[in-house]
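This report refers to the structure that appears directly beneath it.
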Amino acid sequence: MTLLNNLSFTTKLRVPILVVLLIMSTVMAVAYRSFSEQQRINRTVTEQILPVQSALEDAYRDLYQIVAAGQGLIVGGLTERNLAFQHQEFIDNSSKARARLADVQGLIASGLLGAEHQASLDLMLAEFDRWLPHYGAL
């Protein structure tokens, strides 16, 4: 009888311990998987998305400076000094703006942006290519 009681006691002790170990193992596996996925997402954001976001912010600033150079001619007058300064601002910013706008292509190529956005990017770049020479004529 004592052996049967000992066996019953051991079983009563082992089953809950095994259940607890199984639950803890499952929780740890899920946590590890979630942590790994979060690291992958953070790496993608840091290495791919944030540089493009920064480039777009710089492109916006460049476009603003291009327009400001045109307005600077009106405000500052057509003096030789002002004309040279505003022309240099226009050249400096216009040479950077298109390349920064085109950085979005990397997100489309990597699949982070859907291929359906390719047409919008192509249109934006084509419109920029049409707009810049007209604005440069100023």
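- When all heavy atoms are compared, the tightest approach of Ser94 to Phe128 is O-CZ, 4.3 Å.
- With sequence neighbours excluded, the residues that form a side chain to side chain contact (heavy atoms under 4.5 Å, CB included) with Thr79 are Arg81, Asn82.
- By the side chain to side chain contact (heavy atoms under 4.5 Å, CB included) test, Ile17 pairs with Leu13, Leu21, sequence neighbours left out.
- Heavy atoms from other residues, nucleotides or ligands lying under 6.0 Å from CD of Glu116 number more than 12.
- For Asp92, the salt bridge (Lys or Arg N to Asp or Glu O under 4.0 Å) criterion is met by Lys96, not counting sequence neighbours.
- Here CG of Leu83 is found 8.0 Å from NE2 of His87. Values are rounded to the nearest 0.5 Å.
- Not counting sequence neighbours, Glu47 has no partner by the salt bridge (Lys or Arg N to Asp or Glu O under 4.0 Å) test.
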All N/O donor-acceptor pairs, side-chain side in residues 58-75, below 3.5 Å, sequence neighbours left out:
{"from": "Asp58", "atom 1": "OD1", "to": "Arg61", "atom 2": "NH1", "distance (Å)": "3.2"}
{"from": "Asp62", "atom 1": "OD1", "to": "Arg100", "atom 2": "NH1", "distance (Å)": "3.2"}
{"from": "Asp62", "atom 1": "OD2", "to": "Arg100", "atom 2": "NH1", "distance (Å)": "2.6"}

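- Atoms CD1 and CD, from Ile91 and Gln86 in turn, are 12.5 Å apart once rounded to the nearest 0.5 Å.
- Checked against side chain to side chain donor-acceptor pair (under 3.5 Å), Arg40 has the following partners two or more places apart in sequence or in another chain: Glu37.
- Residues forming a side chain to side chain donor-acceptor pair (under 3.5 Å) with Gln38 (at least two apart in sequence, or on another chain): Asn42.
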Check the pair Gln118 / Gln105 against side-chain contact (heavy atoms from CB on, under 4.5 Å), numbers first and verdict last.
CA-CA 8 Å; Gln118 184 66 54; Gln105 183 65 51; 2.8 Å; yes
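- Applying the salt bridge (Lys or Arg N to Asp or Glu O under 4.0 Å) rule to Glu127 yields the partners Arg130; only residues at least two apart in sequence or on another chain are considered.
- Considering only residues two or more places apart in sequence or on other chains, Gln88 meets the side chain to side chain donor-acceptor pair (under 3.5 Å) condition with none of them.
- Other residues sharing a hydrophobic cluster with Met24 under the 4.5 Å side-chain heavy-atom criterion for ILVMFWY residues are Val20.
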Residues 108-115, side-chain donor-acceptor partners within the protein, below 3.5 Å, at least two apart:
{"from": "Ser110", "atom 1": "OG", "to": "Gly106", "atom 2": "O", "distance (Å)": "3.2"}
{"from": "Ser110", "atom 1": "OG", "to": "Leu107", "atom 2": "O", "distance (Å)": "3.2"}

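- Contacts of Leu125 classified as side chain to side chain contact (heavy atoms under 4.5 Å, CB included), with partners at least two apart in sequence or in another chain: Arg98, Leu101, Ala102, Leu121.
- Counting heavy atoms from C-beta outward, Val45 and Leu50 have side chains that approach closer than 4.5 Å.
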Begin from the C-alpha positions of Asp103 and Leu56 and carry the test side-chain contact (heavy atoms from CB on, under 4.5 Å) through to its verdict.
CA-CA 8 Å; Asp103 280 354; Leu56 288 176; over 6 Å; no
